[in-house]
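Report on the structure given below.
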Amino acid sequence: MMKKIPETSKKNKASIWRSLRLGLYILIGLLVFAYGFQVTEVNLQEFRKETRQASRVRVTRNLAQPDIFEYDYEETIYNAPFYLPCPVGEVPPQPDLVINSHSVSIPDCAESGGTITIEGHNFPPLSTGYIYLVPSSDPNSTLALHKGDFTVDREGYFIAEITLPSDRDSSEVQYIRIRARAKTGAPHFSENAIATWDKIIETVLMALLATTLGTVLAIPMSFLAARNLMKDVKSPLTSIALSLLGWPIGIFMGFIVTGWLGGISLQFSNHWGIDLLVSIVSLLVILAVFRWVMPRSEEIPPGLALRLARLLAGGFIVIISIFTSFHIAGLAETAGNAIVSAEGMFAFLGNFVAKSADILITVTPAIGGMTGGWILSSFLGRMGQRANERLKSGFVRILNIVFAAAAGTTIFTLFGAAVKWLYEIEDPLYTFTLPAIVGGALGLLLAFLTQPKKSLQSGLFLYYVTRTILNAIRSVEALVMAIVFVIWVGIGPFAGVLALGLHTVVSLAKLYSEQVESILPGPLEAIEATGANRLQTILYAVVPQIIPPYISYTMYRWDINVRMSTIIGFVGGGGIGFLLQQNIGLLNYNSASTQMLAIAVVVALMDYISSVLREKYV
Amino acid sequence: MLKIKNLTKVYEGGVLALDNVSFEVPDGQFLAVIGLSGSGKSTLLRCINRLIEPTAGQILWNDVDIAAASTNELRHIRRRIGMVFQNFNLVYRSKVSTNVLAGRLGYVNPVWSLFNRFPKMDYEKAKKTLARVGIEDKADNRADELSGGQQQRVGIARALMQDPEIILADEPVASLDPVLAHSIMKYLEQINQEDGVTVLCSLHFLDIVHRYAHRVVALNQGKLVFEGLPTEIDDAKFKDIYGRDAERVG
């Protein structure tokens, strides 16, 4: 027994300690919530205020009556002579006012501040109207004091009582004006509903364009951001340094060559016939040469002479392609503008063709630059690989030192140029000399630290760079991006498309890459074992496996983009948000309600469509 | 002639999967590789076509060292080495014919692969090969619609498309029932005898080894512990290969 006592007390102690701790946690939780109350300004007093209540009721009622349909109204105005106050002596009795078989009986006069009763017969049933006092001897005066409303019953009768003012006394005749409004014809869509329809179409198409743009760019990026594909990509330092050098030089050369070709083709392109001829001929030439350069399969690897000839022919194809793309763009522009100026039903197609041509002309130099960079860097990279495999270790080390230093210098100098441009620093010591020295030194250091023939994890490095960029851009909301793009391309839906598109690229690339990371590794291994290269392995082992999740994520993203594009108009990015914000700003809640309704319908519809499509294709 | 010389593989983290393994495989031989799970059979087969990079040693095939081949050379070597897997490793969402055609990827120009185009001859060849393994009627089915045995036949057809001189079969029948196992092994035997293709096949069941293999190599914890004829595996050798607690059944 004696022994048991301390045990129980120990248990008690433990449980007391535990309750205390629990109490402490609850207390801390309470404190956090209490502070939260203060910070978020929870306040029911404001909620209960009468003015709040009134506006709440008004806004709620307005929102419940979306402005979608409206009637045309026929207005009839009656002006009945009226004396205020009653004049001394007889007033000649007025007959009942009869217009369009409606009759109104109004007293001839009243004392100032008095009340009169107005009766009407044979009015259109259920119509409404307003009663005014016109304080002027001119019956058509625009000055009219609103004194009351009336609603006609089913028999066409109304009775209304109005109180007259006490500060409008006059010996002259004044008028009581009755403005009756009767609906005519069938209800039709209101102006607001038509504007909403226009904008909701714009919204859905914005989402569509942004999603398409985003998907196209996100697919290649997703492979770069997939760890399982990138971790096996290894290359020797010689190859890395050379391909790094190849990029800027290649981009520069490609840009120059493309610009030069554009200049030449512009000289040619003064007639659509020439454009057409050049386009067709060069497309045929490209096709023929391509078939020769790229035989479908080869049992025996080709010799050096043939390979060189093919390389030259390949360069020829690239140059002709750029040249042709300018001519095709010129042709498309002519054709598109012709269709637009014909002003037919398909003018929008002409606009599409002409705008596409404009885009083609704008991006061709960029594509030329990227192609140049890609060609030069992959060529140099391959040379580096070869050198690394064939040459002696000591020689490779020398190559590594030279090229790594050169690559480091080049990259850091470019970085310096960017700093110079961004911060407008004019001192070449900081924007050129120092970066060049630091870059060169880092390159040297890397070359000295790396064993000459060892392969570096270039794939993993690229993976981390891609991931970092994706995460950085993804953390900026599309709404914020829209503000930036509005400055770039002006207010309108185009800015919205660019903002949503950019956000789509980075978020889809991340989601896609996670799907790539979760594919079965078996097929990958099997395709690799057949002798397929990296591109083929991706096409035949990765792509079939990722199609269902890619479709699913793309649909989901479209869904998100539709929802986002409904509010991107708040910052000037086009779409229905623009209208919504305007109406809320004007306190026009009936109209705003229509837009909210449209958004709800579209989002629900998108949700339904995407779930149906997903079920079908996944 | 395939000569494995002092092949060693150490995985990241220091696991020794192959420890100085050397043996030779004459052309046209059906070689069985046996051993417990984790003894290094799969690693050995994958080192031969360098799906796994060996840490040290040589793999001489017709006097060319596969272990030292460059990326480009490796592509040309791999296309002559077919591989068959335990889990078939088909691309399940692709058609059977696409899976089989994939065996030609080492031969076709990668640029044409972008457009999913193969030379006309390859389409003919795919038809013939599928007929050879008895599933020509399944060419347009999706791979995941096929039964296990049929899937492995697609796997064999894919390897055959490579015009292989060697087939590496990594436990090709471990996921199949005994009847299917024999039908698959018969295809491998047929390829070995009719086409003269060297077959390296890792296997679990000794009855299958006895029935099909010309020669056996056995691995235990990455070491070569036996090399000889299937009939030479007596009780003592069996304990060497499978450990002291193992019991021979059947």
Side-chain angles (χ1 to χ4, degrees), chain A residues 231-236 239 290-302 307 310 314 317 381-382 385-390 453 455 457 519-551 617-618, chain B residues 45-46 49-53 68-95 98-99 101-122 142-143 155 158-159 161-164 168 170:
Chain A
K231 74 172 193 302
D232 293 331
V233 178
K234 292 173 189 169
S235 19
S239 166
F290 186 76
R291 274 175 185 280
W292 180 71
V293 173
M294 297 288 172
R296 288 204 181 176
S297 82
E298 263 171 337
E299 291 284 326
I300 311 147
R307 285 226 304 266
R310 283 196 180 144
I317 288 182
R382 204 167 284 190
Q385 181 89 34
R386 283 270 164 92
N388 201 276
E389 280 161 5
R390 304 239 167 118
K453 294 233 169 191
S455 285
Q457 299 235 330
I519 59 170
L520 296 173
L524 214 69
E525 185 181 54
I527 298 293
E528 220 177 306
T530 65
N533 73 0
R534 192 147 281 279
L535 173 73
Q536 289 172 319
T537 311
I538 288 178
L539 287 172
Y540 282 86
V542 181
V543 170
Q545 293 196 58
I546 55 178
I547 284 177
Y550 271 38
I551 290 179
Y617 291 105
V618 179
Chain B
L45 292 180
R46 279 171 173 72
N49 63 359
R50 269 179 58 193
L51 285 179
I52 292 175
E53 289 289 338
S70 72
T71 321
N72 221 8
E73 288 162 350
L74 184 61
R75 188 173 182 228
H76 286 107
I77 292 167
R78 272 183 182 163
R79 66 187 196 186
R80 291 285 184 188
I81 303 179
M83 192 154 186
V84 179
F85 301 85
Q86 175 182 358
N87 299 318
F88 326 132
N89 284 359
L90 303 182
V91 182
Y92 294 104
R93 292 184 50 88
S94 295
K95 283 198 297 186
T98 313
N99 270 291
L101 279 167
R104 294 301 291 175
L105 285 175
Y107 293 89
V108 303
N109 195 316
V111 175
W112 283 101
S113 299
L114 268 178
F115 311 108
N116 194 14
R117 283 277 171 280
F118 289 87
K120 277 207 183 75
M121 276 159 44
D122 289 354
R142 258 173 58 161
R158 176 171 66 193
M161 286 295 281
Q162 292 175 237
D163 291 328
L168 306 171
D170 182 20

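Below, read A as the first sequence line, B as the second, and so on, with proteins coming before strands; counting in each chain starts at 1.
Highest contact tally toward chain B, considering only A:A541, A:P295, A:A532, is held by A:P295 [criterion: heavy-atom pairs under 4.5 Å]. Chain A forms more heavy-atom pairs under 4.5 Å with one residue of B:G155, B:S70, B:P164 than with any other, namely B:S70. Ranked by heavy-atom pairs under 4.5 Å with chain A, the list B:R117, B:E53, B:M83, B:R50 is led by B:R117. Heavy-atom pairs under 4.5 Å with chain A peak, among B:V84, B:L74, B:L114, B:L168, at B:L114. Here B:V108 is the residue among B:N87, B:L90, B:V108 with the most heavy-atom pairs under 4.5 Å with chain A.
Looking at A:R386, only its side chain comes within 4.5 Å of chain B, counting heavy atoms on both sides. Looking at B:F118, the atoms closer than 4.5 Å to chain A (heavy atoms on both sides) sit in the backbone and in the side chain alike. A:L524 does not touch chain B: none of its heavy atoms, backbone or side chain, sits under 4.5 Å away. Only the side chain of A:E389 comes within less than 4.5 Å of a heavy atom in chain B; its backbone stays farther off.
In terms of heavy-atom proximity, A:N533 sits nearest to B:R75 at N-NE, 4.0 Å. Taking each heavy atom of B:A102 and A:I527 in turn, the nearest pair found is CB-CD1, 3.6 Å.
Looking at A:Q536, its side chain does come within 3.5 Å of a backbone N or O of B:L105 through a donor-acceptor pair. Remark: the backbone N or O of A:A529 is not paired with any side-chain donor or acceptor of B:N49 at under 3.5 angstrom.
In terms of the salt bridge (charged side-chain N to carboxylate O under 4.0 Å, His left out) criterion, residue partners of A:E525 (sequence neighbours excluded) are, by chain and number, B:R46.
Here the OH atom belonging to A:Y540 is positioned 3.5 Å from the CG atom belonging to B:N116, to the nearest 0.5 angstrom. Annotation: the span from A:T530 atom OG1 to B:R158 atom CZ amounts to 8.0 Å, rounded to 0.5 Å.
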